[in-house]
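Structure, as structure tokens:
Read the numbers this way: they start at 1 and go in the same order the structure lists the ligands and their atoms.
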Amino acid sequence: MNDLTKPYWDGAARGELTIQRCRACAHWIHFPEPICPACGATDFAFEPVSGQGWVETFTVIHRSFVATFADRAPYVMAWIALPEQEGLRAFGNVTGCPPDAVAIGMAVEVFFEEQDGRPTPNFRKK
Ligand SMILES: [Zn+2]
């Protein structure tokens with residue numbers, strides 16, 4: 001967590017998936033950036049999104065080198081396409097079904113799981 005990503009994690013702590021949004025041009029940005037890639041402005045809000053989306057691409061981790069994830073393997077890391085804007089994606093785990101049940105295009109919704117001591121946005125099959 002840093003100054004740029006703190007509002008995202010604060011939103012997760014409230015049970016909201018919030019995404020950085022440019023106040024000048026309304027472009028959604030994720031991961032958070034210091035400068036809007038669409039218009040160059042530096043004035044942002046973090047706004048809640050629907051939490052609905054679909055699996056754009058994913059990988060199955062069979063062996064994690066991150067200690068806190070080692071006992072979760074196999075698990076799915078995915079880019080989730082969000083309907084709020086073309087090309088807008090969130091990153092997270094897809095859980096609640098076996099990894100081989102995850103497919104590109106599968107509809108998912110956000111939920112929040114405690115990971116590394118904080119509520120973390122992850123996704124599950126709708
Ligand atoms: Zn902008």
Show me the donor-acceptor pairs within less than 3.5 Å that the side chains of residues 98-106 make with the rest of the protein, sequence neighbours left out.
none

Only pairs under 3.5 Å count here: list side-chain donor-acceptor contacts from residues 77-92, not counting sequence neighbours, and write none if there are none.
from, atom 1, to, atom 2, distance (Å)
Glu84, OE2, Ser50, N, 2.8
Glu84, OE2, Ser50, OG, 3.1
Gln85, OE1, His27, ND1, 3.4
Gln85, OE1, Trp28, N, 2.9
Gln85, NE2, Trp28, O, 3.0
Arg89, NE, Glu56, OE1, 2.2
Arg89, NH1, Gly87, O, 3.2
Arg89, NH2, Glu56, OE1, 3.2

Identify all side-chain donor-acceptor contacts of residues 6-13 below 3.5 Å with residues at least two apart in sequence or on another chain.
from, atom 1, to, atom 2, distance (Å)
Lys6, NZ, Asp10, OD1, 3.3
Lys6, NZ, Asp10, OD2, 2.8

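Each protein N, O or S atom less than 2.8 Å from the Zn ion (ligand 1) was counted, giving 4.
The minimum heavy-atom distance linking Gly51 with Leu17 is given by the pair CA-CD2, 4.3 Å.
In Arg63, the CZ atom is not crowded: 12 or fewer heavy atoms of neighbouring residues, nucleotides or ligands sit closer than 6.0 Å.
Between Lys126 and Glu109 there is no salt bridge, since none of the side-chain N atoms of the basic residue sits less than 4.0 Å from a carboxylate O of the acidic one.
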